[in-house]
Structure formats: C-alpha cells, structure tokens
Amino acid sequence: MPKSVTEAEVISQRQLAQNVYMLTVCAPKIAYEAEPGMFVMLRIADGAMLLRRPLGIADVDLGKGTISIIYRQIGGGTKKLTALTSGDCVNTLGPLGSSFTLKAVRPLIIGGGLGLAPLLYYAKCVEQSDVLMGGRTASEMFWTSLFKPYVKNLYVTTDDGTMGEQGFAIDMLPQILTKNSYDCLIACGPPTMMQLAAKIAKDNDLPCQVSLERRMACGLGACLSCSVDMADGRQKKVCQDGPVFWAQEVWA
Amino acid sequence: MPKSVTEAEVISQRQLAQNVYMLTVCAPKIAYEAEPGMFVMLRIADGAMLLRRPLGIADVDLGKGTISIIYRQIGGGTKKLTALTSGDCVNTLGPLGSSFTLKAVRPLIIGGGLGLAPLLYYAKCVEQSDVLMGGRTASEMFWTSLFKPYVKNLYVTTDDGTMGEQGFAIDMLPQILTKNSYDCLIACGPPTMMQLAAKIAKDNDLPCQVSLERRMACGLGACLSCSVDMADGRQKKVCQDGPVFWAQEVWA
Amino acid sequence: MNKDNSLCVKIADLTLNTPVLAASGTFGYGEEFADFVDFAKLGGVTVKGTTLKPRRGNKGVRVAETPAGMLNSIGLQNPGAEYFIENILPRIKKLPTNIIVNISASAADEYGELAKILDVDGVDALEVNVSCPNVKDGGIVFGTDPKALFSVTEAVKKNTKKPVIVKLSPNVTDIKITAKAAEDAGADALSLINTLIGMDIDIETRQPILGNVTGGLSGAAVLPVALYMVHEAYKTVKIPIIGMGGITKAEDAAKFFIAGARAVAVGTANFSDPGVTMKIVVGLQKYLRERNLASIGELTGTLAVPKEGM
Amino acid sequence: MNKDNSLCVKIADLTLNTPVLAASGTFGYGEEFADFVDFAKLGGVTVKGTTLKPRRGNKGVRVAETPAGMLNSIGLQNPGAEYFIENILPRIKKLPTNIIVNISASAADEYGELAKILDVDGVDALEVNVSCPNVKDGGIVFGTDPKALFSVTEAVKKNTKKPVIVKLSPNVTDIKITAKAAEDAGADALSLINTLIGMDIDIETRQPILGNVTGGLSGAAVLPVALYMVHEAYKTVKIPIIGMGGITKAEDAAKFFIAGARAVAVGTANFSDPGVTMKIVVGLQKYLRERNLASIGELTGTLAVPKEGM
Ligand SMILES: Cc1cc2nc3c(=O)[nH]c(=O)nc-3n(C[C@H](O)[C@H](O)[C@H](O)COP(=O)(O)OP(=O)(O)OC[C@H]3O[C@@H](n4cnc5c(N)ncnc54)[C@H](O)[C@@H]3O)c2cc1C
Ligand SMILES: Cc1cc2nc3c(=O)[nH]c(=O)nc-3n(C[C@H](O)[C@H](O)[C@H](O)COP(=O)(O)OP(=O)(O)OC[C@H]3O[C@@H](n4cnc5c(N)ncnc54)[C@H](O)[C@@H]3O)c2cc1C
Ligand SMILES: Cc1cc2nc3c(=O)[nH]c(=O)nc-3n(C[C@H](O)[C@H](O)[C@H](O)COP(=O)(O)O)c2cc1C
Ligand SMILES: Cc1cc2nc3c(=O)[nH]c(=O)nc-3n(C[C@H](O)[C@H](O)[C@H](O)COP(=O)(O)O)c2cc1C
Ligand code: FES
Ligand code: FES
C-alpha cells in the first residue's frame, strides 16, 4: 500500500456535535489507497506541534479524491484542527495501517464514541451490515444519521436513555446476536467495550476484529512507540500491523 | 509612563510596498501614553515565538485609541505578523522606552529604511519639521506621501536616483543644514547613517537625537539583553533608557 | 494579600505568600514589572546575579531565540553589591515581597565576603549562583564540582544569617551529587535548574550568534529536563527545593510541585507575558480548589510512580 | 545517485553519498521510509538499537510531546542481533545506502560479542550506543564514565573490521572527556548527541506520563545543546563527528557542519515529515551552490569565533 504525504486542501469542515467535527480534505493518492480501518496522520498547524495526530478515515469519495475524518476536540492538537476552513491546507500522511476485513458478508458493527469514525467508512464498503452504537446522550448520536444510508439495522444505546435503549452498547450485544445471524463482529471504541465484545464474539464462535489505539510518533512502523503485546507474547505495532487486529490475536 | 499589555484588536493591515506593512491596532491605554519615539512589543502568533518583537510606534489616533506600526517582513516573526487581519487580536506591550524631544521648534528629521516609522509619528507631533529621507529606489519611497501632511520640506534621496537626488541621505545633509536653520536633528535609521548624522550635527553645533536598536527580550529594563555602551563608559538599556538617546551621550 | 492562604509556603525561615518566585536575571530588581504584578502575590523577587565588583557583562549580541526557548549570554552585568545595597535595595525592600539576592563570585572566600556584605536588612535570602554558564569565572566550576560547591556553600553559610539557597547547574552528569553536596554543606534550600549550555550559529557569517559564543538555554524547551532534575534532587535531599526551568503556566508549575518542589520560579516566560506570574498564582489556586487540596504543600512530592518504575 | 558530488563525504572507510544519515531509533530499518526517500541520497540508515538477546522494551506510554520536542522511552525493543542478521539484514543490505547498526549492551565483553556477531557482510559500520537513557543496563554508565567508555570502545574495535562510531551522551558534565576517551580507545568517529534525560507528569493522575518514568528528550528543543556539544567535541578530537539533535532543515544541518560535523543525522524530524532527509539534502546542495563551495567538507569546522570569544 503506497503511502504518501501531501498538502491536502481542506474541502469542508463542519461541526457535527459539541466538540466533534468532520473534516474533508482533497488527497487523491490517499483516497485511492485507503481501505476501511486505516488512518491518516495530520500535521498540526503546519508543524506548530511536533507530532502528527492519528485519525481514522471515516469516509472516502473516490470520484472527488477526498477523504473525511471525524474527530473530537480533546486537546491542543485537535483544537488547532478546528481552525481549518476550506481552502486551507493540512499536511496529511497516509493511508496507514491495516484494514477491516471485507470478506464478511453479514457483519455486525459495534462502536462507541469516536470509534465509530472508521466504522462509518467500513459500513459504506460492505453490503449488508448492522450497527450497534453506544453513546452518552442523544445529542452525541449524530452518528445514526451518518450510518443510516449504509446499514440494514441500527441499534442504539445511550447511558441516559435519551435515545435508543438505556445502558451500554455492549449490554445489548448478546441479544442482537440472537436476533440475526452474523458472520463477523467488527468493533471500535473504548478498550473495555472491545474486550467485552471480543469475549462475547468468542462465546458465540464469531470471528471478531478490533481497532486499537496507542500513542504514535511515526505511524510508519519505525519508532516502536505503539507497541502492543499479543496474546501469544509477540509484540506488534499498532500503526503498521494494526490498528485492526483479530481479537483472538490480542486477547487469548 | 504606565505600561500595559493588551490583546489589541487589529483594525487594519495594509501593504505599503514589497514586504512593508502598516498595522493598526486598537490599544487605547497604549495610545494615551505613547510619545513619539517609543515602541511596542508584539507577541507573535499568540506565543508561537517565545520572544516578542519590538516595533516603533508610527502613528497614534487618540480619538480612536489606535496605534499604528510600520514594519518590514524580514524574518519568521514579521512574516507571521503579515497574517493578521482586522478582527484578529495581537498581544501588545507598551508603550516602551524614551521619546524624541518635543522641545525642538524647528527640527530636521533624517531617516532611512524602517527607521522612518517612529519618525512619522514624531513629524506628526511637531509643528514645523523638515524631513530628509533615503531609500534604495523609488518604489520604497511610499514614505513621501506618509510624511507630506506633517512636514514643511521633504528631501529625498535614492541609491539609484529613481526619486529625488541620487545618493545617500547623509550626503545631502550638510547642504540642507545650510539652506534652513534648525534647532535639532532627529535621526533614525542604519547605524552608520545615525553616527554620521551625529557627527555632522556636532560639527554644526546642533543637538541631535538618535534611536538605537538592539536585540531585546523583556523590553522593560529587566534582562539586560539590550545593553549599550555610552561614550563615557556607562552602560544603558536601549529598551528603557532609549531607544532615543542624545547623540553626544552615545558617541563622544 | 489575597485571603486565600492555600499557596503560603515556608522555605527555611522564609515565608512566601505564594510559592511563585521570579527567577534571577529575568525580572530585573522587580520594579520593572510593577505595572504588571501585585508583589503581595509574588513569593519573592530574585534579583539579577550580583557580584562584589560591578561587571559589564558580555559584548555583542546577548540573546537569541531558539525553538520554544532562548539563549542568553548576558554575563552577569550588574552594578556590584555595594551599589545595590546603597541605591537599589532601599527602594525595593519596601515591596511587599521577599527580596532574594542571587550572588556570583570566582572563589569561595569571595562568595563569603559577598554574603557578609549582603547580610543587611531588606535582603530576605541569598541564592548562591554556582552555575552561571556565561562568564568564565561565573561559578560553573563550583556548580559541577561537588567539593568546590561544598566549600562555596559553607563559606556563604558562615557569613550570613539569611536563608541560603544554592542554585544548581543542570550541566552535570548527576544532579544528585551536587544536590547532596549543597545540603551537606548546610544549604537551607536548593533551586534548580539554571540554564543548559547551548549555542547558535549564523549560517551566513558562520559566526556564533551570541557575542560570547555560547549561552544559557532556558524556556519551555528545557522543562522536561528541569522536571527530571527536580525530581532527582527531591529523592536525594531533605531541604526544600525551588523548581524552575520552562514554566509558562500553572499546569507547568503543578508538575514541579508534584515532582518535589516546595516553590517554583518563573524566568523566561516573563518576557512573553510580564503578568504571567500572576496568572500562575491564580491558576494554582484554582487547581487546588478543584481537587480539594487545602494547601500547595499537599502537592509537593506526590508523584505516583507505578511500581515497575525506577 | 545524484550527479552533484558536492555532498559526498568519508567517515573513516565509509563513503557517504550525502552526509545526511537517519538517526537510530527513528527510522526503523529504513524500509519503513521507502515511500518517502531515495536511499541513494541518504548517507546511511542507522538501525534501531540492537542487543545480543531480543528485548521487549518498556511498558506503558512510550512517547510524549513537549514544547518543540518529544520524550521517548522505547527502551531498546528489538529482535536481537541474530534475528536481525538472518531476517532483516538480507533485505536491507540491498538498499543503495550504508547500513549502520546501533548496538547496546550491559558489559564491555557483551559489546565485543555483539560487534563480532555483526561483523558480517551488509553491515557497513557499527554505532556504539553508550548512552541510552531508557534502560537500566542500556549503557548510560558507559556514556558518562570515561573509563568504562574506553573499555567498551576497545572491546568493539577488537572484534570488528567495520568502522566504529561511538555515540556520546549529552548527560555529562564535560563532553570533551568522553569524546577524548572514545578517540583514545580507537573510535573511528563520534556521533552526538543522544537524548537528554527528561520527564513529564500528568497533573490529573500525578503519575509520570511515560511508563518508564523518565525518557529521552529530542527534537528542535535540544538543538542549541547539541550544537554546543558538537563544537566542543570538534575542538577536542581529530576523528570525524556525526552531529545530530534537533535537525529539522538544511539550515540546521549547516550549523552542525560549521560547528565541526563531518556528517549529520536526522531523528525526530522524520516523524513530522518522513521526507525531511531528502529536503535537507537538496537544501544543503543549494546552500553550497549559493556560496560557491565545492564540497560540504569545506564547511566543516569553519566557525569564525571572534577573538574575544572562549
Ligand atoms: C490509529 C488511531 C486512530 C484514531 N482515530 C481517531 C478518530 O478517528 N477520531 C478521533 O477523534 N480520534 C482518533 N484517535 C485519537 C486521536 O489521535 C487523539 O485524540 C489525538 O491525537 C489527540 O490530540 P490532541 O493534541 O488534541 O490531544 P493531546 O492530549 O493534547 O495530545 C497529546 C499527545 O498525546 C497523543 N495522544 C493523545 N491521545 C492519543 C490517542 N488516543 N492515541 C494516540 N495518540 C494520542 C497525541 O498524539 C499527542 O502527542 C485515533 C488514534 C489512533 C492511534
Ligand atoms: C526599539 C526597536 C524598534 C524597532 N522598530 C521597528 C519598526 O518600526 N519597524 C520595523 O520593521 N522594525 C523595527 N525594529 C526591528 C524589528 O524588531 C525586527 O526587524 C524584528 O524583531 C525581526 O523579527 P523577525 O522574527 O521577523 O526576524 P528574525 O531575524 O527571525 O528574528 C530573530 C530574533 O532576532 C531578534 N531581532 C532581529 N532583528 C532585530 C532587531 N533589529 N532588533 C531587535 N531584535 C531583533 C528578534 O527579536 C528575534 O528574537 C525595531 C527594533 C527595535 C529594537
Ligand atoms: C536573560 C536571563 C538572565 C539570567 N540571569 C541569571 C542570573 O543572573 N543568575 C542566575 O542564577 N540565573 C540567571 N538566569 C537563569 C534563570 O534564573 C533560570 O534559572 C533559567 O532561565 C531557567 O528558568 P526559565 O526557563 O523559567 O527561564 C538567567 C536567565 C535568563 C533567561
Ligand atoms: C523514538 C526514538 C528512539 C530512539 N532510539 C535510539 C536507539 O535505539 N539508539 C540510539 O543510539 N539512539 C536512539 N535515539 C536517539 C536518536 O538517534 C538521536 O540521537 C536523538 O533523538 C537526537 O536527534 P533528533 O533530535 O534529531 O531526534 C532515539 C530517539 C527517538 C526519538
Ligand atoms: S508509531 Fe512509530 S512504530 Fe508505530
Ligand atoms: S530588553 Fe530586557 S533590559 Fe532591555
């Protein structure tokens, strides 16, 4: 997968919810190579911050040669990203990392928080997926309208019950698995959610993929910042061997 | 002279010539206290650069509470200043330093390059001044129209003769001094020009003030970055005791 | 004085209204910042490095900007201790804050002599600069050689009743050794770090940017090094530590307290924002309040090192 | 290869097409940057610190961003020398650039053993890392103790025919002493600086940010320190010096040459811009051309120190 680095022109930036933004940039080379699950690394404010920030690819428009990311303003770097407006350029490196399997015919997607970002592009790439998503409260669930065009069934939980079922997404998982038959579980979200999802998948004899996060410096597999221990003791790099792993590789 | 630091709103920024800009910001407290010859220190790009940049006060509008500076884009800091547009804020510290004498009744102003910036405000503050200005070429002499409203006679030299007399401003000085009678010489520009002006002033028994430049860190007289040796061996601070000095203090 | 007492700390016999000091060489004699600070909210003003005789400092360019930092080679320009006592101290001792005099000399007995001269009313403490990288005889050898450091500290202690703070150089292989030497010699407190030695070059003229060739690196760039050394010193000595190096905001200061500082000093950041010390004071009060900590002392040395750590 | 030969330099028996190397630990085994660099324009790839046995590196968070710099505590994770020779070297030795293996060990004879194992075809030089601050036995003691450094260098020299580059730690009181020790022990070249020791703290949890508590500071923030140390080393030894620390652009590299470097290495900057080494190469060619310099060698050590300077 040839990687490249480009000064990508910002096509649009729009706020989706409090502190959550969708940024679309023109980066044809990256758009052509991107597979769902991969990520890019953006240079912040033209190098004002030393390290690039890793962000999942949430959408690709092949025709226009654009990629979109959805991010939460959480610290200094993402704060600076919010200042970008169309016409600005943002130095973009990618596509990086591994991707979700496209061999699944009927996957169930489970995601929480910003973990839903790369899952969105995955949902777009597969024919018949369902999605189970969790969030704190209704106002954070702009995700539903983003996923609706691409998925068959959409299950929603919120911590406060203001939308969908009250509770955690993971609590609904066993029940959904009995309702439909899936051939794969694709998870991205908080680590505990993914680990529990993996466990439930295993109990149900379902293959499961998860997408991990680590602090990264290079994104290219060169610096070993993002090392992660596999179940068998081997060490892998989240930026190169991941971020997408088979759950049983990660947790025995 | 109470100094203050404010987030000054940019009123306007306009390009005067290649790489030369005039920036007007709203800073009433500084405007009220500013005397001609004083300077401000601007924080660059909200602290992206550690040290503030010292810039002479080129104009004050008391009514509007604004000050203007005229600067040349010469390095990284001034480059970033050019990005400011109206509505932006720039952290401004001032007014700093000493000022030109307002006791002169008929001063001759002599300036070169960006040294003309603080002289502009001086010209505005005195009743009957003449100005002798030097520059490389006609396109750099936007200064003439800036000074015209405030001065009686305007003498211009350019290195290439494209405007006014060909040669250095300093070459014309003796001749101008014989033409009119002045009670003070006020100089700001390249060090050699100032030193020669001071010599000629001395030869003509004219008091002379010069404005010096040094690298500065604090601008408040605290760090001793801007130390300068006086003719008598004492050490002074350009930021606090200067930038304006009597020439005979500086050169015996 | 602010009624909130949460920031009050003691360094030896010195009571600081707040644990935020101004670092030597960056704050003049305090007065220069009168328009920007409320001295009652400042723990103290550490005045510019003072020597026995007046000094002219270094020639040429004295400061250069570097990424997130700066180099200085002021070279201890100062009017000498006598002039200070006669002409400056009478004014600044009226400020409602502590006056700490930073002293430099080129021999142990000269340090002693300086201490004696400065053992006057109005001087609240001495900070022994054994680490100025900018003058040949500026004490850098005292700052890196534990034996010399010991004798300098001893000489100062013998000649003053004031609290003695020894300021350590970061340009050493092991800060624990110099920290210990100062403590053993009777220092009442340590302050660290002074500047790291660095240089910059003009690639057009191929000359050093600084007139003195090398200079001292300070500012945010050095914070990680300073924080590490403060923590090392904290693990080594029992006397209080004044932490400094790259502090620009309350969050930075909080890190130094957690690493083991009893107070902090702010240097270079005063140049970017002359009122920064006041913002740090307010920020620290807020930090304590939000975490239900009654006093800043509760923060000092609370670094929670996971078991596997060093 | 670019026809412009102005950048060709020799470090001992090693010919570098350009004097721009990739620094150890920041460039993997080179391959990772294949999409971004033309290896023929790179002086060499210094591979990740390699040890006798495989190492897992440190637990927890391994990198943190700092003002104009970063801390890392990777901790020498690597598959061990044997695995490297069998599985990685065969691939990367085909790259049209020099392969320099950075080695670490915890005893002089272990360094010797490593050197012997790596004395194979495809390895163009050894860089002896006596200064990794991130592992307890990572050689930092060899990097600060001149005697230990001498014996490590000697042990490596005895066991290899390859050029031996000794990489110095900046965490010392006097770099001249370690530089001299390495030269005396037969080092063919020096490289400096490795990272400065630093730390960062999370003020919410009051824990160190890095899993290993402390880490190594690199990036633009440290450039002034690196430049100073390279210049000090240059004044002290006759063997060639590879300068590094905070280089992000050709202008930075030029400063190192002027200070005395024969070649430079780029580390942290590769993270901000994976093609930065190529830009530096082009920038240096331009710099030479504009000043009518026939070769980069003409720049090395040309610092013009005004007479009054140190
Ligand atoms: C493969 C991958 C994909 C990601 N995809 C998304 C996404 O699609 N949307 C989204 O909102 N966020 C995503 N993240 C998390 C995102 O990278 C962080 O939120 C962001 O780097 C925080 O930067 P900051 O400067 O705002 O925060 P700060 O806390 O100020 O960052 C400080 C430092 O920590 C690092 N850092 C902090 N949090 C993380 C983290 N979770 N992972 C890696 N580095 C971190 C930053 O790189 C930086 O060096 C992803 C992370 C990874 C590793
Ligand atoms: C009292 C005073 C008044 C000035 N008034 C004006 C003015 O009205 N218009 C104008 O165009 N310029 C003026 N200057 C010069 C102006 O400050 C510098 O051109 C500017 O700081 C350069 O910044 P830079 O980042 O673009 O350049 P860089 O070269 O990138 O700056 C690098 C460093 O050098 C310092 N520096 C560089 N040149 C100077 C200098 N000449 N004086 C002080 N510090 C310097 C900067 O502060 C910075 O720390 C004045 C300088 C002083 C001291
Ligand atoms: C311009 C300047 C002058 C300094 N002069 C002195 C001095 O005279 N004595 C001293 O002990 N330290 C001096 N220092 C060091 C500071 O007190 C402080 O230890 C150092 O700068 C680190 O803190 P900072 O990063 O907050 O500036 C000076 C620092 C600067 C920047
Ligand atoms: C993530 C990372 C890993 C490193 N690993 C090693 C290493 O294994 N061996 C070594 O000698 N130096 C290592 N270094 C130090 C660099 O090679 C270099 O000396 C230092 O980072 C300074 O250069 P820079 O500022 O250009 O990065 C590492 C640096 C970083 C940032
Ligand atoms: S981020 Fe560098 S190896 Fe993964
Ligand atoms: S700039 Fe600090 S004393 Fe003048």
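Just so it is clear: chains get the letters A, B, ... in the order the sequence lines come, proteins before strands, and each one is counted from 1.
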Q.
Is it the case that atom NZ in B/K199 sees more than 12 heavy atoms from other parts of the structure closer than 6.0 Å?
A. no
Q) Taking atom CG of B/L220 and atom CG of C/D35, what is their separation to the nearest 0.5 Å? A) 8.5 Å
Q) Are more than 12 heavy atoms from other residues, nucleotides or ligands located less than 6.0 Å from atom OH of B/Y21? A) yes
Q) Can you tell if the side chain of C/Q77 reaches within under 4.5 Å of the side chain of B/Q235, non-hydrogen atoms only? A) yes
Q) If you count heavy-atom pairs under 4.5 Å between each of B/G221, B/S227, B/P2 and chain C, which one has the most? A) B/S227
Q: Assess whether atom CD of B/Q15 is packed by more than 12 heavy atoms of other residues, nucleotides or ligands within 6.0 Å.
A: yes
Q: Taking the side chain as every heavy atom from C-beta outward, state whether C/I74 and B/S225 have any atom pair closer than 4.5 Å.
A: yes
Q) Are there more than 12 heavy atoms of other residues, nucleotides or ligands under 6.0 Å from atom NZ of C/K93? A) yes
Q: Sort C/I209 into side chain, backbone, both or neither according to what part of it lies under 4.5 angstrom from a heavy atom of chain B.
A: side chain
Q: Measure C/V61 against the heavy atoms of chain B and call it side chain, backbone, both or neither at under 4.5 Å.
A: side chain
Q | Close side-chain approach of B/M216 and C/F271, heavy atoms under 4.5 Å | A | no
Q: Drop me the distance from C/R56's CZ to B/D229's CG, to the nearest 0.5 angstrom.
A: 4.5 Å
Q) For chain C, which residues of residues 36-54 of chain B have at least one non-hydrogen atom nearer than 4.5 Å to it? A) B/R43, B/M49, B/L50, B/L51, B/R52, B/R53
Q) Are there residues of residues 24-34 of chain C that reach to under 4.5 Å of chain B by heavy atoms, and which ones? A) C/G25, C/T26, C/F27, C/G28, C/E32, C/F33
